[in-house]
Amino acid sequence: MRRPAGLTWWAASLALVAGFAVLILAAPGTARAQAAAGGAKPSAAAAAAEESEEVTVTGTRIGRDNLEEYAPIAVVNSSQIEASGVQSVHELLTQLPSVTLQGISRNDNNGGQGLAFVDLRNLGVDRALVLVNGKRFVTSNSDVSEAVDLNNIPVAMIDRIEVSLDSGSAVYGSDAVAGVINIILKDNFDGFQFDAMGGATDKGDGETIQLSGLWGANNDRGNITIMTAWVQSGEVEQKDRNWSKFPVVGSFYNEDGTISKIYGSGFRPEGTILDTGVYFRPDPATGASFQPAGTLEVTEQGGDRYNYGDDQWLTGQQNRYSIGGVGHLDLNDHVTAYMDGLFTYRQSAQRLAPEPIGGGTNAHPNGWIIPLSNPLLPQDVKDAILAELGPEVDSVSLSKRMSDYGQRTYRNDSDTFRIVTGLKGDLVEGWGYDSFLNYGRNTHTQRSENLTNLTRLLEQSDPELCAANANKGCVLGDFFGLQQMTPEQIAYSRYTGVQTKQHEQFNLGASVTGPVVKLPAGDWEVAIGGEWRDEEGFNQPDPVQILGDSANDAQQPTRGGYTLGEVYAETSVPVLKDQGLKDLTFDLAGRYTSYDTFGDEFVYRGGLSLPRRPPTSGCAVSTARRSARRASTTCTAARSGRSTPRKTPATTGTPTRTSTRWCVRTARRPGSRRATASSRWATTRSRPTSAATRTSTPRPRTPGASVP
């Protein structure tokens with residue numbers, strides 16, 4: 001495959017390594033500090049800080065000591081991820097009842113483009129916000145949707161995933177209407193870890209292999225963790241599964257009450273005259289070069305309709321290469337610099353049945369017209385057409401599956417680069433701050449082979465038009481029957497299309513969090529912040545499609561974007577604590593957004609919660625009222641000039657307990673037949689985190705919320 005557009009693999013890798021090297025060089029004596037840290041015990045103050053540490057998870061920016069009932073949140077931790085044996089985030093998330101696929105994923109060969117989008121509660125892939133370490137991740141564009149491609153986030157780098165089903169518009173922005181998925185990367189890792197995993201389906205196809213390496217180093221001022229991964233997965237043929245080898249496209253009731261199923265496609269490789277139903281398959285009973293309408297079996301498996309299941313894949317091929325890392329450095333007691341970066345290069349391929357031709361397009365609304373003057377049209381077919389339609393008819397419409405061209409193949413090259421850097425720490429007692437810069441870019445190029453140039457196909461169908469275009473190489477086409485076209489005829493009207501799309505995101509933000517006043521029931525906490533974001537995107541179709549010559553609708557190059565400024569505030573007021581009504585908390589959040597495309601918008605969320613006491617028993621009651629408005633995306637902006645918004649999050653990495661282990665593990669994917677062993681060696685040490693940081697590993701919100 002060709003080299004990726006824009007950033008190359010080696011250049012992006014060098015940039016990321018150089019950035020994290022700055023953190024290493026800024027903290028000399030790493031090895032000595034590690035040795036000292038390994039034998040030291042946490043101080044009493046540090047232990048007390050960890051015990052009293054508050055938790056900030058997806059859905060709020062305010063740290064609390066009990067978030068069990070704040071919002072419906074499911075948590076998938078690293079041990080569950082390892083046990084699942086999955087090789088992409090979307091495979092893992094689709095095991096949650098609230099997560100569904102919407103036809104755009106690795107599981108959808110037709111139009112999937114190698115992308116893996118995820119949908120929350122069937123509200124649409126572009127209505128769920130995906131965060132990485134609490135910051136937005138750059139989106140990818142398909143032909144029908146704009147969302148985060150989860151293939152870009154390597155599983156080996158993930159510490160946990162938090163899924164909030166509560167509308168996050170007031171906390172994160174208008175594109176969190178359906179909820180928020182926050183992917184937390186591994187942090188404070190110390191040592192080296194290598195994983196190898198492989199498998200296949202129970203049919204022996206769809207082979208997959210994953211290799212990943214993780215290296216991290218701690219000292220008394222910070223940590224750096226670097227990861228690299230390679231994932232390869234093979235295709236699965238549609239004809240190799242009993243449930244898909246004869247595709248069902250419809251059904252109808254018979255007069256006796258039974259149901260008949262319609263199999264396959266009416267676009268047959270032999271070709272059909274739409275006006276009369278004449279089918280270009282020789283009739284052995286009469287010797288005619290065709291069969292008349294109504295003589296073909298359409299409801300029987302393996303019948304006369306075209307079985308496209310023989311020619312296409314259920315799932316496609318994919319190769320992914322990723323390198324990334326996370327690091328932080330304490331500049332002093334009040335300032336911590338942090339950074340995370342990721343580069344993923346993906347190659348993928350899908351295969352579909354030969355292209356069906358016959359319907360009209362916006363450039364050729366009449367479809368495929370065949371003049372009766374075409375000398376290659378069999379005479380007995382002309383006689384049958386004139387007998388049925390009348391002697392005044394001079395042309396008819398043709399439909400045909402272009403099997404002479406071969407199966408359609410789609411080869412995708414995609415590179416995604418993202419880097420986040422910022423400063424966080426303490427302002428005054430109890431108050432913390434976080435400021436960041438977030439840049440991301442995704443570039444996707446699709447090469448589509450064995451497509452049809454409809455303009456040239458029409459020229460090949462008309463003797464006069466073809467003669468007029470003989471200087472371009474036009475050769476009159478024989479489309480009447482199976483595999484009738486010559487190489488010269490095929491070469492004139494078959495083409496390979498190339499389409500390029502890009503999305504670029506630039507995001508700045510800052511926030512402060514802390515207590516306003518101490519009430520009898522506890523601290524009245526607030527979080528205040530603001531963001532500025534600019535997003536741009538373009539779509540450059542193939543020149544054949546731009547000119548309207550394609551068998552699909554013509555598309556023009558589009559470019560769009562939007563800029564927005566936002567301010568937001570969130571507060572949590574403890575009303576009662578340990579009273580007759582147990583605990584009672586009032587929460588309120590609001591966000592004001594100003595778009596350069598359609599004006600201003602204010603959304604809010606307000607609610608009361610009555611949590612369980614203790615959290616593991618009893619029942620809980622919570623109620624909330626919220627407003628939300630879905631903003632446009634850069635796809636919309638391409639039509640209107642500029643447009644859309646997105647969101648910002650909360651959680652960061654957490655300290656880990658000290659452990660040293662050597663293990664040999666086998667992983668078996670659902671439906672897999674075999675798996676390879678995985679060996680690892682790793683040492684991780686804890687790094688105490690102050691209570692003011694307000695970050696910790698959250699527990700599952702409710703029993704059964706986590707994915708097994």
Side-chain angles (χ1 to χ4, degrees), residues 267-276 278-282 289-290 354-386 389 391-409 447-499 541-557:
F267 287 91
R268 304 179 180 93
E270 292 88 347
T272 304
I273 299 294
L274 297 176
D275 307 77
T276 63
V278 166
Y279 176 35
F280 290 98
R281 177 187 289 178
S289 63
F290 67 95
E355 189 169 25
I357 306 296
T361 68
N362 53 6
H364 298 286
N366 295 324
W368 192 357
I369 302 300
I370 303 290
L372 296 187
S373 60
N374 189 319
L376 300 178
L377 182 65
Q379 186 59 48
D380 56 351
V381 175
K382 294 180 183 179
D383 295 339
I385 292 172
L386 294 173
L389 300 181
E392 69 280 0
V393 173
D394 59 1
S395 64
V396 290
S397 298
L398 179 68
S399 75
K400 182 180 175 68
R401 181 76 61 165
M402 305 302 291
S403 59
D404 300 78
Y405 292 174
Q407 297 146 323
R408 286 169 290 169
T409 58
R447 182 181 176 89
S448 307
E449 300 174 356
N450 298 330
L451 301 183
T452 304
N453 186 318
L454 184 55
T455 298
R456 290 194 168 193
L457 196 69
L458 293 173
E459 293 172 1
Q460 289 184 284
S461 304
D462 189 322
E464 294 184 8
L465 283 177
C466 193
N469 289 278
N471 60 329
K472 296 191 301 183
C474 183
V475 180
L476 200 64
D478 188 352
F479 312 111
F480 317 112
L482 186 63
Q483 302 293 326
Q484 295 290 108
M485 297 182 71
T486 66
E488 293 77 16
Q489 294 170 2
I490 294 172
Y492 185 70
S493 52
R494 182 177 64 181
Y495 80 98
T496 296
V498 178
Q499 181 182 28
D542 185 84
V544 173
Q545 194 165 15
I546 293 175
L547 295 173
D549 296 334
S550 168
N552 298 302
D553 283 342
Q555 288 187 17
Q556 296 302 308

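Residue indices begin at 1 and follow the sequence shown.
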For [X] and [Y], work out which heavy atoms get closest and say how close.
{"X": "V393", "Y": "L372", "result": "O-CD1, 3.4 Å"}
{"X": "Q545", "Y": "P541", "result": "OE1-CB, 4.3 Å"}
{"X": "D380", "Y": "F290", "result": "O-CE2, 3.6 Å"}
{"X": "Y492", "Y": "C474", "result": "CE1-N, 3.4 Å"}
{"X": "A554", "Y": "G548", "result": "CB-CA, 3.6 Å"}

Is the shortest side-chain heavy-atom distance between [X] and [Y] below 4.5 Å?
{"X": "L451", "Y": "S550", "answer": "no"}
{"X": "P354", "Y": "Y405", "answer": "no"}
{"X": "L482", "Y": "E270", "answer": "yes"}
{"X": "I369", "Y": "S397", "answer": "yes"}
{"X": "P375", "Y": "L476", "answer": "yes"}
{"X": "L457", "Y": "M402", "answer": "yes"}
{"X": "L389", "Y": "V396", "answer": "yes"}

In Å and rounded to the nearest 0.5 Å, what is the [atom1] to [atom2] distance from [X] to [Y]?
{"X": "Q555", "Y": "L547", "atom1": "CD", "atom2": "CG", "answer": "13.0 Å"}
{"X": "D478", "Y": "Q483", "atom1": "CG", "atom2": "CD", "answer": "11.5 Å"}
{"X": "N453", "Y": "E459", "atom1": "CG", "atom2": "CD", "answer": "7.5 Å"}
{"X": "C466", "Y": "L458", "atom1": "SG", "atom2": "CG", "answer": "11.5 Å"}
{"X": "L398", "Y": "T272", "atom1": "CG", "atom2": "OG1", "answer": "7.5 Å"}
{"X": "S493", "Y": "D549", "atom1": "OG", "atom2": "CG", "answer": "12.0 Å"}

The salt bridge (charged side-chain N to carboxylate O under 4.0 Å, His left out) partners of R408 (sequence neighbours excluded) come to none

Contacts satisfying side-chain hydrogen bond (donor to acceptor under 3.5 Å, both in side chains) that involve residues 370-379 (not counting sequence neighbours) are Q379-D383

Provide the full list of side-chain hydrogen bond (donor to acceptor under 3.5 Å, both in side chains) pairs with a residue in residues 357-367, sequence neighbours left out, each pair given once.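 For residues 357-367, and leaving out neighbouring residues, the side-chain hydrogen bond (donor to acceptor under 3.5 Å, both in side chains) pairs sorted by first residue read H364-T455.
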
For residues 453-491, the ring pair (Phe, Tyr, Trp, His ring centres under 6.0 Å) pairs (sequence neighbours left out) are F280-F480, W368-F479

By side chain to side chain contact (heavy atoms under 4.5 Å, CB included), D542 pairs with (sequence neighbours left out) Y495, V498, V544

Side chain to side chain contact (heavy atoms under 4.5 Å, CB included) filter on D462, not counting sequence neighbours, yields P371, E464, L465

State whether the side chain of [X] and the backbone N or O of [Y] hold a donor-acceptor pair below 3.5 Å, judged by distance alone.
{"X": "Q499", "Y": "R447", "answer": "no"}
{"X": "E449", "Y": "T496", "answer": "no"}
{"X": "E355", "Y": "T452", "answer": "yes"}
{"X": "D404", "Y": "M485", "answer": "yes"}
{"X": "Q460", "Y": "Q489", "answer": "yes"}

